[in-house]
Structures are given as structure tokens and as C-alpha cells.
There are 2 protein chains.
Amino acid sequence: MTKNSKREQIINVALNLFYKEGFNATGVEKIREVANVSKKTLYNHFKSKDELILVVLRRRDEQFRNNFMRAVERFGTTPAERLVSVFDAADEWFNSKGFCGCMFINASAEFTAADNPIHVASAEHKRLMYEYVKSLAEKAGAENPAELSKQLNLLIEGATVQAHVSGDRNAAQTAKKMGKIFIKSALN
Amino acid sequence: MTKNSKREQIINVALNLFYKEGFNATGVEKIREVANVSKKTLYNHFKSKDELILVVLRRRDEQFRNNFMRAVERFGTTPAERLVSVFDAADEWFNSKGFCGCMFINASAEFTAADNPIHVASAEHKRLMYEYVKSLAEKAGAENPAELSKQLNLLIEGATVQAHVSGDRNAAQTAKKMGKIFIKSALN
DNA sequence: GACTATATAAACCGATCGGTATATGTTTGT
DNA sequence: ACAAACATATACCGATCGGTTTATATAGTC
């Protein structure tokens, strides 16, 4: 039970620090200190900082999509409703305490090269979000689920940026109003 | 004439390195080396790395908006056309060599605190882009120029993220198709 | 009770960080 | 021709970077 507790502790601490302070700005020593763990232990579990970042991103992806999907289900019941609910889920996220933008957009900003494993992992997260919304669109009987998902995701990304960079607390509502038009049109 | 050449050289080099490699990942020593300048000279012109970053962001804002506006004017002639052209300008940008996303989104990702001067400067750039599109919307006689500008900017942000994170070369075209709907609706 | 795995603290590595100091040129305007 | 302004190279500062090493302690398993 306590077998993986150290590892979990490191991942959780690293996730919070990376999200709030950034990846390059967060030193391994800081993570070690906050996690209350020896450096040896940290490097027993992760062979490098880059590997830790990748593990953290995988964890964040799981947590984020899980939370997002549960929020969508909470805000809507029918498939059609749930397409709209993605913006309510986004709204809740933007206005949650400690919101610092999208961790994967942030990661891509620090690791700009497209072939960097960290960048690739970020793109993968976006692909999974796309797949999720596409599956919602399919269940709702959208005309072109792939296109609708791409459109709704584009709106979410845009709202996320406005919420973070410009501190626009209503960005999700703006996007929701826009998204409804495409949803309605796709469900004819 | 060569009076400010050192200063200009430093700004240009720093701009390129910050954009391609990131802010925290780019050391002052690297900038000094590439700019072929002594460290003393660099610190005579800029009292700290943070100040240099702020100067670079101001420069980037000027260059970017200037270039963007000229592209918009190149792609469209009437005010109504030019509202659509913002997506052509974005398209050109996304597919230009060396594209690494939006420098201001990237800056906000590294300096997440909303009251950080660097973050504030990024928000200011977004505000100026908003004002520009709003002025286009006013000239085109849009019903609600402020709302239309916010919508179109949200689409541009979303496309920028998709283009950078996911490497989607067609993101601007997706956004253009979406934007046309709001433009048409606003111009009734 | 002995063995193995995992934990610890702390010293240490070379490299780099942002930034300063010093002492010596090289322009530049008058 | 001369002084002020700006340039240079280089050494230096303490702090931190990512990562390793060593020697010791604390678990859980047979």
C-alpha cells in the first residue's frame, strides 16, 4: 500500500509545481524538498527530469480527461446536451482555484520542437480530447462528427487561452454561445 | 546610425532565441554569444534579463501586429473582406518557416502569475489584437463590433494552439470557415 | 535472525544561471 | 588633439542546475 507512496508523492508534487511555476523554472531540488524525499529516491523512480515530466503529463492527461468527462456528464444527460456541456465543463475549470491555463499548451510553449517527446505527449492529449468529443458527436448523431469535434475543440482552446492570458472569466460562455451554433447545425 | 546597432542586435537575437527555445531555457550568456557582444554591453542596455524580455515582447508586438495588419490588407480590400482576411493572415503565419506558436501565449505559459509584468505585457498584446479586429468590425458596420472581435480572436487563438501543439497546418482554414458564419451574421 | 530492497542525509560533480568588477581598447563629437 | 562614451575580454561572484556517489538506516520477507 505504501509501496508506491513515495513515487506518487513525487508525481503529485511535481505536477503541481510544473503547472504553477513552469517546467524549466521548477528544479529537481525543489521537487525533492517539497515531496520530502531524498534525491536518490527520486532518481531511483525516474531516470531523469525529462522522464519525470513525461510521467507527470501522462498523469495529468488521465486526471484531466477523467474530470472533464465526469463534469460533462454532470452538466448534460442526452448526447446532444453533452456536446454543449463541454463548455460548462470548461467554464468550471477556468474558474477553479489555481487555474493556470492548459498544462499541455504550456508544455508545448517550453518545448517547442515538434519532435520533442514532451511536445508529442501534449499533442497526444489534444488528440484524445478530440476523440472524446468526436465520440460525443457520434452518439448525438452529428452529420460530420470529426469536423464538429475539431470545431468544438478549437473553441475550447481559444477560450482556454483567453481565460489564462487575458484573465477572461467568461471565455467559456463566449465559446459556448459560438459552439451551440455549430452543434445545432450539425444535428440539423 | 550604428548608435543603436548593438542594442538592436541584442533585441533581435534575444527575440529569435526566446521564441525558438523559450524564455527560461535561453540564458543571457547564449544571447551575448550569438549577438557577438560583451556581457557588460548587454547589461549597459538592459538592467536585467526580465527587462530584456519585456523589451523583446514590445518589439514582437509591434512587428507582429504590423505584419498581421499588412497581410490582412493584402488579402482583402473592403472592410467586410478584411474581417475574413484575418484568417488568411493567420494561415500565412502558421505556415511560415520557424513558426513556434504565439510568443505571448508562450510567455504566459512560463510566467503564469497574472500580475507578472511579462504576463501583463502578453495580455496587452491580446488586447491590442482585439482592438484591431474591433476597428475592422466597426468599419464593416458590424452589429456588435466588440462581440464579433472577441469571437474572431477566440477562433484565432484556438487555431494558433492547434497549429502549434498538434501541428495542424489547416487550422486557420478550419477557423476561417467558422469565422465566416459569425461575420455574415454580424453584417446581416 | 539474516537477507534484500528501499529509504535516508549529505557531500560532491561539472556546468550553467543571472549579474558584477576590472582593466584595456575603440569610437565619437567638439 | 582630447576627453567622454561606449566597446571589449576576462575573471569572478554566490546560487542553482541536473545528476551521482557514499555510507548508513529502516523496512518487509524467507
Undergrad: Could you go through the salt bridge (charged side-chain N to carboxylate O under 4.0 Å, His left out) check for Arg70(B) and Glu73(B) one step at a time?
TA: CA-CA 5 Å; Arg70(B) 283 193 292 110; Glu73(B) 285 162 21; over 6 Å; no

Undergrad: It should be established whether Thr41(B) places a side-chain nitrogen or oxygen under 4.0 Å from OP1 or OP2 of nucleotide dT8(D).
TA: yes

Undergrad: Please report, rounded to the nearest Å, how far the P atom of dG18(C) is from the CD atom of Glu51(B).
TA: 15 Å

Undergrad: Which nucleotide in the set dA7(C), dA7(D), dG19(C) lies at the smallest distance from any side-chain heavy atom of Tyr43(B)?
TA: dG19(C)

Undergrad: Let me know the distance between CD of Glu29(A) and C1' of dA11(C), rounded to the nearest Å.
TA: 13 Å

Undergrad: Whole angstroms only, please: what is the CZ-P distance between Phe46(B) and dA7(D)?
TA: 11 Å

Undergrad: Counting only heavy atoms not in Glu131(A) (residues, nucleotides, ligands), do more than 12 fall under 6.0 Å from its CD?
TA: yes

Undergrad: If the cut-off is 4.0 Å, is His45(B) near the phosphate of dC6(D), judged by side-chain N/O to OP1 or OP2?
TA: no

Undergrad: Using a heavy-atom cut-off of under 4.0 Å over every strand shown, decide if Asn36(B) touches base, sugar-phosphate, or nothing.
TA: sugar-phosphate

Undergrad: Assess, by modelled atom type and distance only, whether the side chains of Gln162(A) and Ser166(A) contain a donor and an acceptor separated by less than 3.5 Å.
TA: no

Undergrad: Once you round it to whole Å, what is the distance between C1' of dC6(D) and CZ of Arg7(B)?
TA: 14 Å

Undergrad: Nearest of dG18(D), dG18(C), dT8(D) to any side-chain atom of Lys49(A)?
TA: dG18(D)

Undergrad: Counting heavy atoms from C-beta on, name the nucleotide in dC17(C), dA9(D), dG19(C) closest to the side chain of Ser38(B).
TA: dA9(D)

Undergrad: What's the NZ-C1' distance between Lys39(A) and dC12(C), to the nearest Å?
TA: 10 Å

Undergrad: Indicate whether OP1 or OP2 belonging to dT8(D) is found under 4.0 Å from a side-chain N or O atom of Lys6(B).
TA: yes

Undergrad: Does Glu143(B) CD have over 12 foreign heavy atoms under 6.0 Å away?
TA: no

Undergrad: So does Glu33(A) pair up with Lys30(A), basic N to acidic O under 4.0 Å?
TA: no

Undergrad: Nearest whole Å is fine: how far is dT16(C) P from Arg32(B) CZ?
TA: 13 Å

Undergrad: Which nucleotide in the set dT21(D), dA9(D), dG18(D) lies at the smallest distance from any side-chain heavy atom of Lys40(B)?
TA: dA9(D)

Undergrad: Over how many whole Å does the gap from Glu21(A) atom CD to dT16(D) atom C1' extend?
TA: 15 Å

Undergrad: May I have the distance from Phe23(B) (atom CZ) to dC17(C) (atom P), rounded to whole angstrom?
TA: 16 Å

Undergrad: Within the 4.0 Å heavy-atom criterion, would you say Asp50(A) contacts the bases, only the backbone, or no part of the nucleic acid?
TA: nothing

